[in-house]
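Report on one structure; see the data block that follows.
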Amino acid sequence: MKTKLEKSFEVPQSPSLVWEHLIDPEKVMDCVPGVSIDEKVGENHYKGKVGMKFGPIGANYNADIFYDEVDVENQKIILTGNGVDAKGNGNAEMKMTIDITEIDDGGAKMDAIMDVTVNGKIAQFGSRLITTVSNQLFKQFVGNFSKKLAKAEAEG
């Protein structure tokens, strides 16, 4: 089952601070609920875990996360993630493109497009539930990321 999500949000911090955090998995992944980075495997390759709850079913994926493209000049990042459910109940793939632009007040706007494919038990719940859960996770991420950026800005 495939789902496409398009999200945008703005923060008052500079695009350079946002960029610095987005290209560093140690700084950004802990803002995503249920995601942890366990090790750096290669130049732009990380292993981690992704845990989510879809209605009555929880899923825990052993994941590979790749920074496929880090375009400094255009402030664009393309990430992919592939995960296999730890219990063998399916797998998931995600490709996300993030574009950062400066907004009028010196803050930053992030536009994200995510293509998510889920197979196995979770796919039975359909795209509506997956979209609902994704929207909740995105909202939590924005809150967590905004707090982290504000703290980093305050620490200068």
Side-chain angles (χ1 to χ4, degrees), residues 1-52 54 59 61-84 90-119 122-123 127-156:
M1 189 213 54
K2 287 186 168 195
T3 302
K4 184 175 193 148
L5 305 165
E6 295 185 31
K7 302 286 183 190
S8 293
F9 71 102
E10 296 178 0
V11 294
Q13 288 78 24
S14 71
S16 61
L17 183 63
V18 171
W19 178 259
E20 174 189 320
H21 280 69
L22 286 178
I23 62 169
D24 184 346
E26 302 292 327
K27 291 182 178 179
V28 73
M29 293 300 172
D30 65 345
C31 294
V32 183
V35 174
S36 66
I37 295 291
D38 297 333
E39 67 176 305
K40 182 175 182 174
V41 184
E43 177 64 30
N44 291 314
H45 179 195
Y46 301 84
K47 286 202 176 285
K49 297 200 175 19
V50 178
M52 292 177 219
F54 293 89
Y61 296 98
N62 294 316
D64 284 291
I65 300 160
F66 300 90
Y67 277 72
D68 294 324
E69 183 180 327
V70 178
D71 182 344
V72 177
E73 187 177 325
N74 295 307
Q75 301 243 295
K76 177 180 179 176
I77 299 167
I78 298 176
L79 294 167
T80 54
N82 305 302
V84 176
N91 67 325
E93 297 175 11
M94 182 218 42
K95 181 176 183 175
M96 178 167 51
T97 302
I98 305 167
D99 288 295
I100 304 167
T101 53
E102 186 168 358
I103 52 179
D104 291 340
D105 62 4
K109 180 181 180 195
M110 281 148 282
D111 294 302
I113 299 171
M114 295 164 271
D115 290 307
V116 181
T117 304
V118 180
N119 299 301
I122 302 297
S127 62
R128 188 175 348 160
L129 179 61
I130 291 174
T131 300
T132 299
V133 170
S134 298
N135 287 338
Q136 291 170 351
L137 291 173
F138 187 78
K139 193 174 182 179
Q140 290 173 14
F141 165 75
V142 170
N144 294 340
F145 191 58
S146 296
K147 286 178 197 165
K148 183 171 256 197
L149 289 171
K151 184 178 178 185
E153 184 179 53
E155 292 172 356

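Using a 4.5 Å cut-off on side-chain heavy atoms (C-beta onward), Asn62 and Lys47 make no contact. Taking the side chain as every heavy atom from C-beta outward, Met110 and Val11 approach each other to under 4.5 Å. Side-chain contact between Tyr46 and Leu79 is absent, with no heavy atoms from C-beta onward closer than 4.5 Å. Using a 4.5 Å cut-off on side-chain heavy atoms (C-beta onward), Leu22 and Tyr67 make no contact. Contact check for Val32 versus Leu137: no side-chain heavy atoms found under the 4.5 Å cut-off. Using a 4.5 Å cut-off on side-chain heavy atoms (C-beta onward), Asn91 and Asn82 make no contact. No side-chain heavy atom of Ser134 sits under 4.5 Å from any side-chain heavy atom of Met114.
Listed by chain and number, the residues in a side chain to side chain contact (heavy atoms under 4.5 Å, CB included) with Ala150 are Gln13 (sequence neighbours excluded).
Closest non-hydrogen pair, Phe138 versus Lys7, comes out as CZ-CB, 3.2 Å. Between Ile78 and Lys95, the shortest heavy-atom distance links the atoms CG2-CE, 3.7 Å. Looking at every heavy atom in both residues, Ala108 comes nearest to Ile103 through N-CG1, 3.8 Å. Closest non-hydrogen pair, Trp19 versus Asp71, comes out as CH2-O, 3.4 Å. When every heavy atom of Cys31 is checked against every heavy atom of Asn144, the shortest pair comes out as O-ND2, 3.0 Å.
Ring geometry for His45 versus Phe66: interplanar angle under 30°, hence parallel rather than tilted (30 to 60°).
Applying the side chain to side chain donor-acceptor pair (under 3.5 Å) test to every pair with at least one member in residues 22-42, sequence neighbours left out, gives these pairs: Glu20-Lys27, Asp30-Lys148, Asp38-Lys49. Pairs of residues two or more places apart, or lying in two chains, that qualify as side chain to side chain donor-acceptor pair (under 3.5 Å) and include a residue from residues 99-113 are Ser8-Asp111.
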